Amino acid sequence: QLDREVQLKAVAQHGFVLYSVIGVMKWTECSDRELLHTAVKTVGDTMRTASVGLRGDRELVLTAVKNDGGALRYADTRFQADKEVVILAIQNGYSARYLSTQFRDDWDVMWHAVGVHGMALCYASHTLCADRRIVLRALQNDGNAYIFVSAKLRFDLDVAIAAVRQNRNAIRHMPDSLQNDPVLQYA
């Protein structure tokens with residue numbers, strides 16, 4: 001048995017130590033809130049060890065996703081439907097791939113998602129792929145996100161310029177009429 005004080009100190013220094021503590025203690029999950037809270041402060045992914053009850057603890061979930069947005073995958077499903085928590089998770093690395101359908105058409109959530117990773121545009125609804133502001137924000141991060149731009153904006157010269165300025169190779173995804181446009185050649 002490990003002394004509680006030693007456990008807390010070790011986990012505070014390196015959150016991954018929680019996995020060793022769980023092994024030594026022969027636990028199948030962590031139901032010790034203080035120990036888990038200490039771990040998720042440094043390694044959000046340790047949320048995966050949480051007991052069912054702790055997966056529903058808002059403070060723990062928020063602490064974990066501040067550290068690692070991917071920790072949201074291990075939280076109670078109600079947090080995956082909580083806009084505030086989802087945006088915080090996205091800002092800290094949570095992939096838009098895991099967004100529920102309700103958020104793929106949510107302007108605020110997708111604004112944050114494409115702001116972090118332009119290619120997140122591929123998970124946006126058709127409506128948002130036609131939203132000029134969302135599209136331009138995505139293209140500022142990854143010009144190749146142009147491939148997900150709606151037909152409505154595909155021939156928009158400003159959209160094309162934004163893509164090419166971020167990544168010259170984005171031009172290969174554009175219609176011939178734009179590829180041959182002299183403005184894009186010098187963008």
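Values in this document were obtained by computation on a predicted structure and should not be read as measured data.
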Worksheet item: After noting the C-alpha distance and the side-chain angles of Met110 and Asp131, does the key distance pass the side-chain contact (heavy atoms from CB on, under 4.5 Å) rule?
Response: CA-CA 11 Å; Met110 290 311 298; Asp131 182 287; over 6 Å; no
Applying the 4.5 Å side-chain criterion to the ILVMFWY set and letting contacts propagate, would [X] and [Y] be lumped into a single cluster?
X      : Y      : result
Met47  : Phe16  : no
Leu184 : Val149 : yes
Ile171 : Phe148 : yes

Discussion item. side-chain contact (heavy atoms from CB on, under 4.5 Å), that's the test. Do Val61 and Asp76 meet it? Break it down for me.
Written reply: CA-CA 9 Å; Val61 171; Asp76 187 279; over 6 Å; no
Worksheet entry | Residues Val86, His112; criterion side-chain contact (heavy atoms from CB on, under 4.5 Å); working and verdict | CA-CA 10 Å; Val86 168; His112 287 283; over 6 Å; no
Determine the minimum heavy-atom distance between [X] and [Y], stating which atoms define it.
X      : Y      : value
Met25  : Gln7   : SD-NE2, 3.6 Å
Leu72  : Gln80  : O-NE2, 3.0 Å
Tyr146 : Ala160 : CE1-CA, 4.3 Å
Ala130 : Leu153 : O-CD1, 3.5 Å
Tyr74  : Arg55  : O-NH1, 2.8 Å
Ala145 : Gly118 : CB-O, 3.5 Å

Which value, rounded to the nearest 0.5 Å, describes the distance between [X] atom [atom1] and [Y] atom [atom2]?
X      : Y      : atom1 : atom2 : result
Ile161 : Tyr186 : CD1   : OH    : 14.0 Å
Gln166 : Leu136 : CD    : CG    : 12.5 Å
His173 : Arg154 : NE2   : CZ    : 9.0 Å
Gln140 : Arg165 : CD    : CZ    : 11.0 Å
Leu54  : Thr49  : CG    : OG1   : 8.5 Å

Is any side-chain heavy atom of [Y] closer than 4.5 Å to one of [X]?
X      : Y      : value
Arg132 : Asp156 : yes
Asp57  : His37  : no
Val109 : Ile90  : yes
Leu99  : Tyr94  : yes
Thr46  : Asp68  : no

Taking the side chain from [X] and the backbone from [Y], do they hold a donor-acceptor pair closer than 3.5 Å?
X      : Y      : answer
Asn67  : Gly44  : yes
Arg104 : Arg97  : yes
Asn92  : Leu88  : yes
Ser125 : Leu128 : yes
Glu29  : Ser51  : no
Asn141 : Arg137 : yes

Discussion item. Under the side-chain contact (heavy atoms from CB on, under 4.5 Å) test against Leu8, which residue among Leu35, Val21, Asp3 passes?
Written reply: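 Going through Leu35, Val21, Asp3 one by one, the side-chain contact (heavy atoms from CB on, under 4.5 Å) with Leu8 is satisfied by Leu35 alone.
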Practice prompt. Using the side-chain contact (heavy atoms from CB on, under 4.5 Å) rule, pick out the option among Thr38, Val43, Thr42, Leu36 that qualifies with Val40.
Written response: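 Passing option: Leu36.
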Practice prompt. Count the heavy atoms belonging to other residues, nucleotides or ligands that lie under 6.0 Å from CD of Gln185, then report whether that count exceeds 12.
Written response: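 Yes, the 6.0 Å shell around CD holds more than 12 heavy atoms from other groups.
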Discussion item. Once you measure the plane-to-plane angle for Trp107 and Trp111, does it fall in the parallel (<30°), tilted (30-60°) or perpendicular (>60°) bin?
Written reply: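 If you compare the ring of Trp107 with that of Trp111, the planes turn out parallel.
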Worksheet entry | Residues Glu59, Arg33; criterion side-chain contact (heavy atoms from CB on, under 4.5 Å); working and verdict | CA-CA 10 Å; Glu59 183 186 358; Arg33 187 187 187 287; 2.8 Å; yes
Discussion item. If only side-chain N and O atoms count, and only distance matters, is there a donor-acceptor pair under 3.5 Å linking His117 with Asp142?
Written reply: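 There is no such pair between these side chains.
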